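A short worksheet on the structure shown next.
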Amino acid sequence: AQSVSQHNHHVILSEAASLELGCNYSYGGTVNLFWYVQYPGQHLQLLLKYFSGDPLVKGIKGFEAEFIKSKFSFNLRKPSVQWSDTAEYFCAVNLINGYKLSFGAGTTETVRA
Amino acid sequence: EAGVAQSPRYKIIEKRQSVAFWCNPISGHATLYWYQQILGQGPKLLIQFQNNGVVDDSQLPKDRFSAERLKGVDSTLKIQPAKLEDSAVYLCASSFAQGTEAFFGQGTRLTVV
């Protein structure tokens, strides 16, 4: 079955620490990839997306993600987190042919001052 | 630009009652999604519309859930009768076309008691 897996359920970091959140998917075809963020009390917002081209994509607020096709992965990174990055992060994937947008279970990131 | 509008924001009902949620997508967006997000889990796609046609409803519990998108704009999601396990946040999202970035509303938090 098609699925999206996020490796960490809850991550706790200190300010200025580096962040990497894992995402793997099990789709066999061509995919579009997304990372969404949900800040406390707010709706889901797009952080970044990958459709084609350079596998290293940059998003808002200093986030970036790397698509590694051979590993079916799309990991999210940020070199230095801030307290305001405390949020829940969701990886999402849709198949080019099917277009069904599926989400991972999410990773809650808590940044301590 | 106006975002995706959802109402109500909160709803508390007793089990076996019925409830309806409303969504107004971003103007011009052809694709509309309804997701169910249970606490601690990622959003689960219930139904996806392309204009007023259903693209995917494979995870919609059709014995109790129904959704429509008349005229390809607004959409309603109904639950009848509700069960305790339906307690969740119901998210509506829209995108310009299938496979492109989805924009989310604030969601409706449903509590079934």
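Chain A is the first sequence line, chain B the second, and so forth, proteins listed ahead of strands; every chain is numbered from 1. For clarity, every value in this text was computed on a predicted model and none was experimentally measured.
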**OP:** Using the side-chain contact (heavy atoms from CB on, under 4.5 Å) rule, take Glu101(B) and Tyr36(A) through it: C-alpha gap first, then chi angles, then the decisive distance, then the call.
**Re:** CA-CA 10 Å; Glu101(B) 173 189 352; Tyr36(A) 283 83; 4.1 Å; yes

**OP:** May I ask you to name which of His43(A), Gln45(A), Gln42(A) has the most heavy-atom pairs under 4.5 Å with chain B?
**Re:** His43(A)

**OP:** Decide if atom CD1 of Ile12(B) counts as having more than 12 heavy atoms of other residues, nucleotides or ligands within a radius under 6.0 Å.
**Re:** no

Original post:
For Trp22(B), does the CH2 atom sit with more than 12 other heavy atoms under 6.0 Å from it, leaving out its own atoms?
Top reply: yes

Subject >> Linked, directly or transitively: Phe34(A) and Phe90(A) (ILVMFWY side chains, under 4.5 Å) >> reply: yes

**OP:** Select one option (side chain, backbone, both, neither) describing which atoms of Ser58(B) are under 4.5 Å from chain A's heavy atoms.
**Re:** side chain

Subject >> Arg77(A), CZ atom: more than 12 neighbouring heavy atoms under 6.0 Å >> reply: yes

**OP:** Compute the centroid of each ring, for Phe103(A) and then for Phe104(B), and state whether the two points are separated by less than 6.0 Å.
**Re:** yes

Subject >> Tyr39(A) with Leu48(A), same ILVMFWY side-chain cluster at under 4.5 Å >> reply: yes

Original post:
Can you get from Ile47(B) to Leu70(B) by hopping between Ile, Leu, Val, Met, Phe, Trp and Tyr side chains that sit under 4.5 Å apart?
Top reply: no

Subject >> Heavy-atom closest contact (Asn94(A) atom, Gly99(B) atom, distance) >> reply: ND2-CA, 3.2 Å

Original post:
Is Phe72(A) reachable from Trp35(A) through a run of I, L, V, M, F, W or Y residues, each pair having side-chain heavy atoms under 4.5 Å apart?
Top reply: yes

**OP:** Identify which part of Gln41(B) has an atom lying under 4.5 Å from any heavy atom of chain A, answering side chain, backbone, both or neither.
**Re:** backbone

Subject >> Which atoms of Gln37(B) approach chain A - backbone, side chain, both or neither, heavy atom under 4.5 Å >> reply: side chain

Original post:
Does the side chain of Tyr33(B) come within less than 4.5 Å of Lys100(A)'s, by heavy atoms?
Top reply: no

Original post:
Do you know which two heavy atoms are closest between Pro43(B) and Gly104(A), and how far apart they sit?
Top reply: CD-O, 4.4 Å

Original post:
Heavy-atom distance under 4.5 Å between the side chains of Leu101(A) and Ser95(B), does that happen here?
Top reply: no

Original post:
Same cluster for Val55(B) and Leu60(B) if Ile/Leu/Val/Met/Phe/Trp/Tyr side chains link at under 4.5 Å?
Top reply: no

Original post:
Is chain A contacted by the side chain of Gln59(B), its backbone, both, or neither, given a heavy-atom distance below 4.5 Å?
Top reply: side chain

